[in-house]
**Student:** 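Once you've had a glance at the structure underneath, I'll fire off some questions.
When reading the values below, keep in mind they use all heavy atoms of this one structure, side chains included, and skip hydrogens, waters and symmetry mates. Proteins come first, then strands; the chains are lettered A, B, ... in the order of their sequence lines, and each starts at number 1. Values in this document were obtained by computation on a predicted structure and should not be read as measured data.
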Amino acid sequence: MPERGYGESLEKELFREEFPFGPVSRRGFLALGLLTLAACTPVVRRKGVPYVRQPEWVVEGGRAEFVTAVPHAGLAEPVLVRHYQERPLFLAPLEAAMSPYPLAGLYALYDPDRKGKAPDWEGFLAAWRKALGEGETLLVLPRLASPRLEGLLERAQARYPNLKVARFEAWSLENVYRGAEILFGQRAWPVYAPEKAEVVLLLDVDLHEHPAGYLWWAALSGRRIPPMNRIYAVESGAGLLGAMADHRLALKPSALEAFLLDLAKALGVLPGSPTSSYGGFLPALVEDLLRGGLLLPGVHLTPAAQALAMAVNARLGAPVRYVPPLEKEAATPGAFLEAERAERLVWAAEGPLPDLKGKGFAAYLGLYPKEAPFSLPLAHPLEAGGQYRDALGRLWPAQALVKPLYGGRSLEEVLAGLLGEDLPALTPEEKRALAEGRPLEEARPLALAPKPGLEGRLPSLRQEAPLELTLRPEASLYDGRYRKNPYLEELPRPLTRLVWDGALLMGEEEAEALGLLEEVRARERRADPRRPLLRVKAGGREALLPLWPLPGLAKGSLLAPLSHFFHPEGVAFPAEVAATGRDYPLVSTQYHGYLGEVEAVKVLAEEEALKAEPKEEKRISFYPPWPQGEHAWAMSVDLSRCVGCGLCTLACQIENNIPVVGKEEVAKGREMHWIRIDRYFAEEGVLHQPVMCQHCEKAPCEAVCPVAATEHSTEGLNLMVYNRCVGTKYCSANCPYKARRFNFFPYAEAFIGQGDPRRAKESPLALLMNPEVTVRSRGVMEKCTYCVQRIEGARAQAAVEGRKIRTGEIKTACQEVCPGKAIHFGDLLDPEDPIQAHRQEGRHYALLEEANTWPRTTYLAHLKNKNPKLKEAEHGG
Amino acid sequence: MRRRNRWVKTLFWGTVLGIFALLLVVFSGVAVGAFEQRTFPVDQPVPFSHAFHAGGLGLSCRYCHPSVERAAYAGLPPTETCMTCHTFIKPDSPNLALVRKSWETGEPIRWNRVINLPDFVYFHHGAHVAKGVGCAECHGRVDQMTVVYQPQAFTMKFCLSCHRNPEAHLRPREQVFNMAFTPDPELGKKLKEAYAIRSAEALTSCNTCHR
């Protein structure tokens, strides 16, 4: 039976979810009730304030869509930005997929914390020029994949010989470029086409850890339905991509690289034969790879391992091509040390920040103001134009969508200012590319052939150590740069489902070796959130991190997030761990919305799925049928394509004005996400399931509302009428899927007012709210509405244009952003809509069928394509 | 009995009586008239007369409220629209002083909203105009109003009276902006078919107006 986590602690967690605050006296209860009567406000006649000179779009309604490229860690993500009345309100991927960071970055656009003192750009530039006259001044830049910016930089360096440039990124791509240099004699960047491979081997890589990670999943997910590909994963960490693998081998980093060496030998890339068969895994893998395999290595593997992976790909004839390196000079963490040593410094990079005190000249350029002699705002990516390469090497133009709200300037503008130049306006080619939604330039493919004699020039692989620590970017905070983004802070992390904190992840054996596993399990049983705080020493630096034991982690492998532990010399180290005797509370949403001992995620093998017949549904119910309207909306979620990334949760949050409630409230189970990803540890591996309101045709929640605030529409939607809701919470108690969220406090106003509901009226964050969706206050129930605002908007637009709603015209927010295209929303009455075909499939099922709720949201079972030659029971090296 | 107990009992029964009286007042409908204040004429900073401009001069509604066919809002005209005529016509009129000031300084005119639906009601003008609901149906004979007022309070009951029975309130699309047109229920039945207007059941579904 798939488990949410450690079995016995479930009961306590559930109890706490229902009664989080403990017993309350009768007097206290009554007092609270009477106090809430003081909520009446007088009615005021409002003003209507038109323009003096009206912009053109006002007549059309103010909706527009613009194409731009938002850079994340220097590399472009092409997006479609949806505006309402000139405010960017939503981002959808323009290409196959995008990462969550540009979407969550909308918060930073309107964040009043970006406002520092009025920026004195001229003063700063004058001081910088003066420092450049005095001596070497170091400019630390983030990863730059922009040829135009490089051009400006060259000119600046020619004009100011004292301008030294270093590039800093905590998570560097340098090893990949060096690996290509070892193998091909030339630095290059591999671009993979995973959709063309029959067998894929993932080597220690996760979605957010590779610039093309989300694009990979978009490509791979298309082959996770018959005819299926086969995914193997060999990893030292615990990633979402690895969880989707048909076969997974957990090895610590040094063992992983040794495995790669053995794989190369087995395929004849290197002379010799493999040292071990890894329990039969290696021979089966080799046989499978030979029928059309592709290796996808993580970017942090040593250059030797990168070269081996590229050599294996070449040997397999894998679908990979090589383009010039994305960066002119690779950004590495080592620039941090240079910055610490520099006497005169301008820091414009992101992530970990060195100490700026005690320098002759120190300036900080970033989104948020910092304590520094000079702190100047950089423009948000949506506030400035530019040109950036994406992870596939194509050059995309970017356009500014709002004037800088807080006086920020882009890096291009800053360098141009240093040179005393003006930036050129958008060229006609850029405008055409932006209007058509295509890149400016395709990537230039390099014709590379592996140079012979690799074994002679291969440097050393990862050294072995009893405990090997890998510092990896955190799924939400990346390297710490998104720490001020509450959307990302509250997004539950992959596999651990932690929020608001980073933890040290280790396997259960290591935790037992430290003598801490029992304590952790006992605390889970008591629903005590405190976890032991450990001191981790690696590479001469140390950090304090709370412990989170994670099943499935390789033996001897430790994982720490880069946002909480940064080391300028790299990301993989032998480590020592010691308990400090102190504790730290960690909040995880893993038990929230527990459905009971049910098989929530069905797993089928490919053959079973093809043979399976759709079950005949037993349609017996006491309730009479609802009247049928013009459409019958329904949704299908394909669990074979869902990787558990959480982009749907984030998109729903931004589209529907869902607030962030904070760590304390999440600890009580009150996070407001309308769609949550349930994570199960099962024999087949880690399974993910997005659960949102199922819009049951026989909804248990509709019957029990005393004020008819939740009704069934003629088109199949379970409606939520916020203005009628009095907060009885009977509906939420009745919902078997626990899909309803209640506003126990004025969460939305507190979110907009940055903690204080009374400040909501003047906060610029109110601009972030979607005006098509009600902002809910305290005491109101809310839940997934199938994006009813989009349905009604499409209906009104169709009425204005005198036509019917087209097939596929309405896309829910979750559907738009899903990289795997797992969610499909459609009309059951439309013959052209694929939703009916989904329901006829053999792997179609409804969640909690025995509850007889007849949900309109149904699931397609998760498929695994196991190698018949590999028996179960995967093992560590 | 003890003094405290008598006091408690009086308080209790007094409250019960009070709540009963309150419910009586509410359900008798005697206070429904409180909504009548919404139908009084509303004073505006600039004495714009619809009766003169829309009625007398015959200016089209859409000259000033162009978004009504395309967007959810009908919109208020920008100062620019007023100045298209009043730069030349009555350029020194004292009534238009505020308009000229707005044009020169760039400060918009702050009109007092006559129709102000609560935030939890989402109304789409474009959909209604496209389906043959005339301006005068809801807003009355604006072309006869010197000072604009709402002919009836926009209670939910008012919206439902049409949504439950659209046939009685429809007119051909060409007549939507003709304030003098009287709807014909027989024609309305045909128009309901022709304009693909949904059944009363679907129209009174909560999501039609509340999301």
Side-chain angles (χ1 to χ4, degrees), chain A residues 43-55 57-63 85 626-631 656 708-715 717-724 771-776 780 785-793 795-804, chain B residues 37-38 42 44-45 62 64-73 75-81 83 102-116 118-122 124-131 156 173 195-199 201-211:
Chain A
V43 173
V44 175
R45 187 172 284 281
R46 289 190 186 157
K47 302 280 181 196
V49 186
Y51 281 86
V52 176
R53 282 176 183 77
Q54 194 167 269
W57 51 260
V58 175
V59 172
E60 295 301 325
R63 288 176 196 287
Q85 302 201 339
W626 296 101
Q628 178 59 55
E630 283 181 337
H631 304 272
N656 292 298
T710 179
E711 289 290 305
H712 211 84
S713 90
T714 52
E715 296 183 346
L717 254 63
N718 178 307
L719 304 171
M720 190 60 223
V721 189
Y722 307 115
N723 34 305
R724 278 193 84 96
E772 294 295 312
V773 178
T774 311
V775 175
R776 288 80 55 191
V780 166
T785 55
Y786 273 176
C787 279
V788 66
Q789 69 278 5
R790 293 185 177 204
I791 297 176
E792 294 303 317
R795 205 199 307 279
Q797 192 59 30
V800 165
E801 294 174 16
R803 57 169 174 81
K804 291 195 134 355
Chain B
Q37 56 167 303
R38 296 239 175 256
V42 179
Q44 300 292 347
R62 288 171 281 176
C64 296
H65 304 282
S67 328
V68 76
E69 290 179 298
R70 300 159 239 246
Y73 53 85
L76 286 172
T79 314
E80 192 172 16
T81 306
M83 295 311 284
S102 162
W103 183 244
E104 280 146 29
T105 59
E107 276 299 309
I109 304 171
R110 301 176 72 84
W111 301 95
N112 295 318
R113 286 182 70 159
V114 178
I115 289 122
N116 190 9
D119 280 347
F120 49 81
V121 179
Y122 291 87
H124 198 284
H125 271 96
H128 285 79
V129 164
K131 298 282 181 181
M156 184 164 160
R173 284 201 191 105
Y195 292 159
I197 292 173
R198 296 177 287 160
S199 66
E201 227 151 32
L203 284 174
T204 52
S205 178
C206 305
N207 61 317
T208 312
C209 311
H210 299 295
R211 9 185 173 107

**Student:** Less than 4.5 Å apart, side chain to side chain, heavy atoms only: is that true for B:Tyr73 and A:Val58?
**Tutor:**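 Yes, side chains in contact.
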
**Student:** I would like to know whether B:Thr79 and A:Tyr51 meet side-chain hydrogen bond (donor to acceptor under 3.5 Å, both in side chains); could you show each step before the answer?
**Tutor:** CA-CA 7 Å; B:Thr79 314; A:Tyr51 281 86; over 6 Å; no

**Student:** Nearest 0.5 angstrom please: B:Asn207 CG to A:Thr785 OG1, how far?
**Tutor:**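 Rounded to the nearest 0.5 Å, the CG-OG1 separation comes out at 9.5 Å.
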
**Student:** Of the backbone (N, CA, C, O) and the side chain (C-beta and beyond), which part of A:Val775 lies under 4.5 Å from a heavy atom of chain B, both, or neither?
**Tutor:**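 Nothing of A:Val775, per the 4.5 Å heavy-atom cut-off to chain B.
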
**Student:** Do you know which of A:Thr774, A:Asn723, A:Val788, A:Thr714 has the most heavy-atom pairs with chain B at a distance under 4.5 angstrom?
**Tutor:**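 Answer, by heavy-atom pair count under 4.5 Å with chain B: A:Asn723.
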
**Student:** Could you look at A:Glu792 and say if it's the side chain, the backbone, both or neither that has a heavy atom under 4.5 Å from chain B?
**Tutor:**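 When you check distances to chain B, only side chain atoms of A:Glu792 fall under 4.5 Å.
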
**Student:** Would you find more than 12 non-hydrogen atoms of other residues, nucleotides or ligands less than 6.0 Å from B:Arg110 atom CZ?
**Tutor:**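 Atom CZ in B:Arg110 is not crowded, with 12 or fewer foreign heavy atoms closer than 6.0 Å.
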
**Student:** To the closest 0.5 Å, what do you measure between CE (A:Met720) and NE2 (B:His210)?
**Tutor:**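 Interatomic distance, A:Met720 CE to B:His210 NE2, rounded to 0.5 Å: 12.0 Å.
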
**Student:** Specify which of A:Gly629, A:Ala798, A:Gly62, A:Ser713 makes the most heavy-atom pairs with chain B at under 4.5 Å.
**Tutor:**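 Looking at each of A:Gly629, A:Ala798, A:Gly62, A:Ser713 in turn, A:Ser713 comes out on top.
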
**Student:** Just how far is it from atom CD of A:Glu711 to atom OG1 of B:Thr204, taken to the nearest 0.5 Å?
**Tutor:**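 So the gap between those two atoms works out to 10.5 Å.
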
**Student:** If we define contacts as heavy-atom pairs under 4.5 Å, which of B:Ala130, B:Ser205, B:Pro78 has the most with chain A?
**Tutor:**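 The option with the most such pairs is B:Pro78.
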
**Student:** Between B:Thr105, B:Thr81, B:Asp119, which has the largest tally of heavy atom pairs under 4.5 Å with chain A?
**Tutor:**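 Going by pairs under 4.5 Å, I would pick B:Asp119.
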
**Student:** Identify which part of B:Ala202 has an atom lying under 4.5 Å from any heavy atom of chain A, answering side chain, backbone, both or neither.
**Tutor:**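 Both parts, backbone and side chain.
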
**Student:** Under 4.5 Å from any heavy atom of chain A, what part of B:Val42 do you find: side chain, backbone, both or neither?
**Tutor:**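 Only the side chain of B:Val42 comes within 4.5 Å of chain A.
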
**Student:** Given heavy-atom pairs under 4.5 angstrom as the criterion, report whether the side chain, backbone, both or neither of B:Pro77 touches chain A.
**Tutor:**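 Contact with chain A involves the backbone of B:Pro77 alone.
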
**Student:** Quick one: do B:Arg211 and A:Glu772 satisfy salt bridge (Lys or Arg N to Asp or Glu O under 4.0 Å)? Show the steps, please.
**Tutor:** CA-CA 8 Å; B:Arg211 9 185 173 107; A:Glu772 294 295 312; 2.8 Å; yes

**Student:** With the side chain counted from C-beta on, respond yes when B:Trp103 and A:Val52 share a heavy-atom pair under 4.5 Å apart, and no when they do not.
**Tutor:**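 Contact flag for B:Trp103/A:Val52 side chains = yes.
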
**Student:** Measure A:Glu630 against the heavy atoms of chain B and call it side chain, backbone, both or neither at under 4.5 Å.
**Tutor:**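 It is the side chain, since no backbone atom gets that close.
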
**Student:** Would you mind checking which part of B:Ser199 comes under 4.5 Å of any heavy atom in chain A, side chain (CB onward), backbone (N, CA, C, O), both or neither?
**Tutor:**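 Contact with chain A is absent: no heavy atom of B:Ser199 under 4.5 Å.
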
**Student:** Heavy-atom pairs under 4.5 Å with chain B are the metric here; pick the option from A:Gly61, A:Ala799, A:Gly48 that has the most.
**Tutor:**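 The candidate making the most pairs under 4.5 Å is A:Gly48.
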
**Student:** Answer yes or no: is there an ion pair linking B:Glu80 with A:Arg53, defined by an N-O contact shorter than 4.0 Å?
**Tutor:**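 Answer for the salt bridge query: no.
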
**Student:** Would B:His124 and A:Val800 count as a side chain to side chain contact (heavy atoms under 4.5 Å, CB included) if you check the C-alpha gap in whole Å, the side-chain angles of each, and the deciding distance to 0.1 Å?
**Tutor:** CA-CA 10 Å; B:His124 198 284; A:Val800 165; 4.1 Å; yes

**Student:** Contact between A:Val721 and B:Phe120 at the side-chain level, heavy atoms closer than 4.5 Å - yes or no?
**Tutor:**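 They are not in side-chain contact.
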
**Student:** In the structure I gave you, are the side-chain heavy atoms of A:Val59 and B:His65 within less than 4.5 Å of one another anywhere?
**Tutor:**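 When only atoms from C-beta onward are counted, B:His65 and A:Val59 do not touch, as no gap falls below 4.5 Å.
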
**Student:** Taking side chain as everything from C-beta outward and backbone as N, CA, C, O, which of these in B:Glu69 sits under 4.5 Å from a heavy atom of chain A? Side chain, backbone, both or neither.
**Tutor:**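 Backbone only.
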
**Student:** Are side-chain heavy atoms of B:Arg198 and A:Glu715 found at a separation under 4.5 Å?
**Tutor:**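 The answer is yes; the side chains approach within 4.5 Å.
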
**Student:** Nearest 0.5 Å please: distance from the OH atom of A:Tyr722 over to the SG atom of B:Cys206.
**Tutor:**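 Here the interatomic distance stands at 12.5 Å.
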
**Student:** If I measure from the heavy atoms of chain B, does A:Arg63 come under 4.5 Å with its side chain, its backbone, both, or neither?
**Tutor:**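 Neither; nothing under 4.5 Å.
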
